[in-house]
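Down below is the structure, laid out as structure tokens.
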Amino acid sequence: MYISPLLSWFTSAQEAKQQGRREMVHYQRYHQMKKCGDEEEAQTLVLECGISTYFKRTRPKFLPPLFLFSLVSCSLLLLLLIFSSSSTISLLYPSEEHNGPPSHKEADGPPCSAIPSGSIFCDRSAFRFDICFMKGDIRTQSASSSIFLYSSNNDTSSHSYPMASLEEEEELQHEKIKPYTRKWETSIMDTIPELDLIMKKYKFGGRHECEVQHSVPAIFFSTGGYTGNVYHDFNDGIIPLYITSQHFKKKVVFVMLEYHKWYMSKYGDILSRLSDYPPIDFNGDQRTHCFPEAIVGLRIHNELTVDSSQMQGNKSILDFRNLLDQAYRPRIKELIRGLGGEAQLKFKKRLSLSPSPLSSEVEEQKQEEEGKKPKLVIILRKGSRRIVNEDAMIKLAEEIGFHVQVLRPSRTTELAKIYRALNSSDALLGVHGAAMTHLLFMRPGSVFIQVIPLGIDWAAETYYGEPAMKLGLKYVGYKILPRESSLYRKYHKEDPVLRDPKSITSKGWEFTKKVYLDGQNVMLDLSRFGKRLVCAYNYISKKNQGHQWQPQ
């Protein structure tokens with residue numbers, strides 16, 4: 001059934017004007033914001049969804065009487081269908097003021113429940129992503145990168161209809177989609193495989209067998225693109241997967257277009273909290289998998305966040321963080337048990353080497369005092385945007401009263417270990433970069449201090465500052481002065497690079513990346529920066545006043 005032509009006639013002229021205004025505003029905002037700084041490994045800015053391309057509003061033109069009569073008749077018929085099946089209303093009309101996809105306000109049930117059996121519906125209205133819904137007799141064909149939906153005049157969603165060969169079947173609908181959440185970014189989308197969603201009509205005379213029959217829905221998505229960068233792993237993949245799948249309550253199968261063993265090793269704990277079933281390697285598994293429903297593509301709300309207004313049960317980023325806690329808790333218990341035994345051995349060794357019992361008592365007292373101090377985790381960079389005087393900074397933090405733990409995470413660092421360190425901390429400190437994504441591991445109420453180098457104010461606030469506040473963290477953004485940047489010794493003090501960074505970032509991503517992301521390090525003014533550390537320490541101390549410090 002083709003519904004988009006009818007949809008355009010059910011949009012009022014006023015709604016068309018309002019949508020046009022929103023599109024123009026988002027379009028202008030996009031091109032304005034695109035001139036600002038960016039996250040270190042991204043190639044363009046991530047923006048709020050903006051220009052609608054699927055539901056195009058047009059001003060009604062004069063229509064011949066016969067056509068008007070036909071239109072009115074079709075409209076009445078459609079209204080009858082709508083009132084007879086209220087579940088389709090959310091599918092036909094976007095209910096959000098923003099220009100994202102129809103929200104499907106998932107309190108009414110899973111998105112696919114609003115789709116008639118034997119149909120495909122694709123929503124292409126969002127700026128960031130496309131998403132398609134299929135329901136009925138769904139069958140995969142990896143060799144042709146296709147997903148088939150077989151329909152009949154009296155569709156009953158049965159998987160036992162006799163059918164002819166593919167060449168003899170009538171094609172009713174054909175959609176194409178690249179299931180990745182950066183659809184505005186042409187350069188990276190060119191690397192994402194495209195899927196063909198094809199609906200065909202049953203014909204008698206043959207049969208397509210299912211090699212693997214599934215009784216639960218499937219979600220198809222890509223783990224290509226920028227996957228491998230922790231920011232993009234969470235922002236473009238893991239969080240959108242949570243948004244799209246959580247209402248299924250783990251009764252869903254994930255189908256990955258690019259299956260990576262390292263990805264499953266790193267994020268398998270999280271995926272196991274979202275699905276009871278092992279994920280499917282779409283390209284590597286050539287068998288025909290059959291599903292009753294499918295979602296192709298993922299929804300994304302904003303940077304590292306979950307919009308509760310679009311989620312069933314008003315789920316938020318806090319619920320996602322709770323899911324992370326459940327995912328990593330078993331592994332953290334293993335780590336604690338292992339470290340416990342190791343710590344005992346080290347302690348016994350110290351006792352055997354101690355010159356007197358008094359020395360061991362002093363050591364125990366010192367460890368107890370360390371456990372009572374607010375814990376500050378500092379994530380240090382190895383390449384660009386490195387804190388040159390990091391040793392002096394660490395010493396200053398310890399003098400203020402923090403118990404400091406230093407992390408230098410790499411792509412191979414086990415996330416459970418990072419989660420354990422941050423979940424038991426009171427504050428996180430680091431320079432703007434992908435590693436700041438680990439703020440998701442912080443407990444609400446903790447402090448997040450982001451050092452912001454020259455030229456990337458917008459990116460730092462958008463990618464990490466705002467998400468931190470939505471997570472309930474106390475956010476402190478420390479914008480360095482020109483003299484705190486290594487660029488200060490490279491350029492004249494009146495050079496636009498120092499005096500007017502916006503004039504440089506407005507030239508595009510390449511200039512921003514070369515000058516500000518890859519081209520500078522940080523020499524902190526410890527007198528100035530120390531004031532921020534003192535404020536953070538006082539905030540934490542006041543928050544925990546009257547309570548004994550109990551590190552986890």
**Asked** Can you find a side-chain donor-acceptor pair between D307 and S309 that sits under 3.5 Å?
**Response** yes
**Message:** I'd like to know if the side chain of R321 pairs up with that of N423 as donor and acceptor (distance under 3.5 Å, no hydrogens or angles considered).
**Reply:** yes
**Message:** Whether K507 engages the ring of F511 as a cation-pi pair (distance to the six-membered ring centre under 6.0 angstrom, angle to the ring normal within 45°) should be assessed.
**Reply:** yes
**Message:** Is it the case that the side chains of S308 and K315 hold a donor-acceptor pair, with the cut-off being a distance below 3.5 Å and no angle test?
**Reply:** no
**Prompt:** Using a distance-only test with no angle check, is there a side-chain donor-acceptor pair under 3.5 angstrom linking H247 and Q312?
**Reply:** no
**Item:** Working for side-chain contact (heavy atoms from CB on, under 4.5 Å), residues L298 and I243
**Value:** CA-CA 8 Å; L298 302 176; I243 291 170; over 6 Å; no
**Steps toward side chain to side chain donor-acceptor pair (under 3.5 Å) verdict (T413, S410)** = CA-CA 5 Å; T413 303; S410 67; 3.2 Å; yes
**Prompt:** Taking only residues at least two apart or on different chains, which pairs with a member in residues 466-477 satisfy salt bridge (charged side-chain N to carboxylate O under 4.0 Å, His left out)?
**Reply:** none
**Message:** Does K514 have more than 12 heavy atoms from other residues, nucleotides or ligands lying within 6.0 Å of its NZ?
**Reply:** no
**Asked** Can you check whether K502's main-chain N or O pairs, donor with acceptor, with T505's side chain at less than 3.5 Å?
**Response** yes
**Message:** Looking only at the side chains, is there a donor atom on one of E303 and Y231 sitting less than 3.5 Å from an acceptor on the other?
**Reply:** yes
**Message:** Does either side chain, that of S425 or that of Q405, offer a donor lying less than 3.5 Å from an acceptor on the other one?
**Reply:** no
**Under 3.5 Å side-chain donor-acceptor pair for Y328 and E414** = no
**Request:** Please work out which of the three classes, parallel, tilted or perpendicular, describes the rings of F441 and F234, given edges at 30° and 60°.
**Result:** perpendicular
**Worked verdict on Q520 versus S485 for side chain to side chain donor-acceptor pair (under 3.5 Å)** = CA-CA 6 Å; Q520 72 172 316; S485 171; 2.7 Å; yes
Give every donor-acceptor pair under 3.5 Å between a side-chain atom in residues 531-539 and any protein atom, sequence neighbours left out.
from	atom 1	to	atom 2	distance (Å)
R532	NH1	G477	O	3.2
N538	ND2	V534	O	3.3

**Prompt:** Do D285 and Y259 have side-chain N/O donor and acceptor atoms under 3.5 Å apart?
**Reply:** no
**Message:** Parallel, tilted or perpendicular, judged at 30° and 60°: which one describes the rings of Y263 and Y267?
**Reply:** tilted
**Request:** Classify the angle between the aromatic ring planes of Y242 and F320 as parallel (below 30°), tilted (30 to 60°) or perpendicular (above 60°).
**Result:** perpendicular
**Prompt:** Between the side chain of D319 and the main-chain N/O of S316, is any donor-acceptor distance below 3.5 Å?
**Reply:** yes
**Message:** With a 3.5 Å distance limit and no angle check, can you tell me whether T244 reaches the backbone of P240 through a side-chain donor-acceptor pair?
**Reply:** yes
**Prompt:** So which pairs with a foot in residues 465-484 pass ring-ring contact (aromatic ring centres under 6.0 Å, His included), sequence neighbours left out?
**Reply:** F448-Y475, Y478-F529
